[in-house]
Asker: 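Next up is a structure, given as structure tokens.
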Amino acid sequence: MVRFENVGLRYGMGPEVLKDINFSIAPRSFQYLTGPSGAGKTTLIRLILMALKPTRGLVHLFGQDVSRLEATTLTDFRRKMGVVFQDFRLLDHLTVYENVALPLRVLGKEEAGYRAEVVELLRWVGLGERMHAVPSVLSGGEKQRAAIARALISRPQLLLADEPTGNVDPGLGRRLLRLFMELQTLGTAVVIATHDLALMELYDAPRLVLADGHLHVDA
Amino acid sequence: MTHRAWCLPTGIFMSTPDRGAEPAEHEEGEEFARPRSRLPDNLRRDQPLVPVDTVAGRALVVVIAILTFLAALSAGGALMAARASEQWRGAVANEMTIQVRPDPRRNIEADLARAVELARAVPSVAEVRAMPRDESDRLLEPWLGAGLDLIELPVPRLIVLRLNASVANDLVAFSQTLRREVPSATLDDHRLWVRRLSTMANTIIVAGVGVVMLVLVAAALAVAFATRGAMAGSRDSVEVLHLVGADDEFIAREFQNRFITLGLRGGGAGGFAAVIVIALLGWLASAWSATPEADQLQAMFGAFEIGWSGYGVVILVAAIVAAIAGLVSRVTVRHYLRAMS
Ligand SMILES: Nc1ncnc2c1ncn2[C@@H]1O[C@H](COP(=O)(O)OP(=O)(O)OP(=O)(O)O)[C@@H](O)[C@H]1O
Ligand SMILES: [Mg+2]
């Protein structure tokens, strides 16, 4: 469902951050994306999200070359993906509930139709008591869980999670990992960007390793 | 937070057939079967995605309020001028008067009778009425004050001619005949006055409409700049919206709604202030109308009030301002989003 061919990317006039990237992500697969800080994990996720255009190479998403996409197809593809940003990117003036409901709201759905579902998911990630709060008063771990809930609410086919356990205690990190595994068994392809070795040892899965701008796969 | 709170909710992924691992926890799934009955009533929802109540937003409301106020007053003034000129035209256009000036060497009553006789002979004059002395004296009261004994004064006498609706090309000849036969009489053609007053009124109307147009353009520009500012300030939010699957149409609608809200607030406040001012002026004018000055004003400008249609125009102006705010912000956002991608 995702395929990169000789993809390279540089920011502006800077050095090439990613070089000759080749890999693919199969439907219903589970993989880690790892590498040292600054290796380009977030950049790679932004490429998959079509928030960045590659400076060279080809990116295929859901069987189509993204450089030739219509705006409406691009929106459709994004609706099939759920993303947990490393810096959460919750909207500050909306409550947790409204933030999590956002992917459904932008589809033009009636609020009454998804309210129960959103509340249910919020309770599930342990934010049932905090759903009226705005992000600025949440702890890092609470924001992280809100960001994860927002990524899950639309039941994406592809989940991209950038450091989803970076701000939580190891116990909660383990439970979140189990949640992602459960998602995979339910049919979602999962990509977890992390440099937490302990986390990756909990559940063995293929690792896409970024180093010096190159990517290799550790099966 | 208990561990059991982390088991998968039965509701959420129920449609997926192959639910997987960890059967031990699924028995506790019923914990999540109840939320429907326990939904908080005070859930804050459907807040605008673009914040409305910002400093820049309030500043824009004030600007729009001031512009609407000015536009509404101009529109009201133009409407008043239009109505006044209509009144003059209706009352005066098919009337003429003959003025017979007193002359110590002549008999004014004889001159009056002769002028009436001449006027009756003119085909385009439908009706001739010599105004009795006391009536013409009363006409002067507002200007000279009551109780003055006008018998002593050489007051001109008036003959009112009501014209046929048809064209009157014999009136010039009549004017000349009159001057020859009765040198102390002159024919006043009100229509010249009406034409002058209409020109003046039309100028006021055109100026008023022009001011309204300028103000609307200014409002549109203010909204365009404010929208660009808001877009630049919400760049991050806009990107998040895109990444969670919002299309340009959705985002444009959010901004448009925000600016319609601001436009309605500003337009409402400005329109309300204009209505208050107009009502106040009307009230002052009527409180003042017992005085002779008011009679003079009334004689020249008509009643100082714009009536329901005037209030309608004010509300219309406010609504147009709000609509422009929505439209301009929409176009600006579309433009900006296209430039962004
Ligand atoms: N917007 C940008 N403009 C210029 N350079 C950037 C930009 N974003 C990232 N970079 C650079 O690209 C490189 C890769 O950054 P990226 O954020 O992808 O790393 P990462 O693997 O996610 O790191 P971390 O583990 O710390 O999150 C870094 O050297 C970074 O400085
Ligand atoms: Mg990163």
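For clarity, every value in this text was computed on a predicted model and none was experimentally measured. So that the names make sense, note that chain A is the first sequence line, chain B the second, and so on, each numbered from 1.
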Asker: Taking the six-membered ring for Trp, is the centroid-to-centroid distance between A:Y203 and A:F30 below 6.0 Å?
Answerer: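 Yes, the ring of A:Y203 comes within the 6.0 Å limit of the ring of A:F30, centre to centre.
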
Asker: Determine the option with the most heavy-atom pairs under 4.5 angstrom with chain B, choosing from A:D92, A:L90, A:L91.
Answerer: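 It is A:L91.
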
Asker: Heavy-atom distance under 4.5 Å to chain A: side chain of B:D236, backbone, both or neither?
Answerer: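 It is both, since atoms from each part get that close.
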
Asker: Is the backbone of A:D196 close enough, under 3.5 Å, to the side chain of A:T194 for a donor and an acceptor to pair up by distance?
Answerer: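 Present.
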
Asker: Counting N and O atoms only, with roles assigned by atom type, does the side chain of A:R150 sit under 3.5 Å from a partner on the main chain of A:F88, one being a donor and the other an acceptor?
Answerer: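 Present.
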
Asker: Has the side chain of A:Q184 got a donor or acceptor atom that lies under 3.5 Å from a matching backbone atom of A:A189?
Answerer: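 Looks like no, no N/O pair under 3.5 Å.
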
Asker: Which pair of heavy atoms, one from A:V96 and one from A:A146, lies closest together, and at what distance?
Answerer: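 Heavy atoms only, the tightest pair is CG1-CB, 4.2 Å.
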
Asker: Donor-acceptor pair, distance only, cut-off 3.5 Å: does the side chain of A:E201 make one with the backbone of A:A198?
Answerer: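 Not confirmed, A:E201 side chain does not pair with A:A198 backbone.
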
Asker: Which residues in residues 40-69 of chain A have any heavy atom closer than 4.5 Å to a heavy atom of chain B?
Answerer: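 Interface residues of residues 40-69 of chain A: A:R46, A:L49, A:A51.
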
Asker: Tell me, side chain or backbone of B:E254 under 4.5 Å from chain A's heavy atoms, or both, or neither?
Answerer: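 Answer is side chain: those atoms of B:E254 sit under 4.5 Å from chain A.
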
Asker: Given heavy-atom pairs under 4.5 angstrom as the criterion, report whether the side chain, backbone, both or neither of A:F77 touches chain B.
Answerer: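 Answer is neither: A:F77 stays 4.5 Å or more from chain B.
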
Asker: Between A:R130 and A:E142, does any side-chain N to carboxylate O distance fall below 4.0 Å?
Answerer: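 Result for this pair is yes, salt bridge flagged.
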
Asker: For A:R175, which of A:L172, A:L179, A:L177 qualifies under side-chain contact (heavy atoms from CB on, under 4.5 Å)?
Answerer: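 Looking at A:L172, A:L179, A:L177, the match for A:R175 under the side-chain contact (heavy atoms from CB on, under 4.5 Å) is A:L172.
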
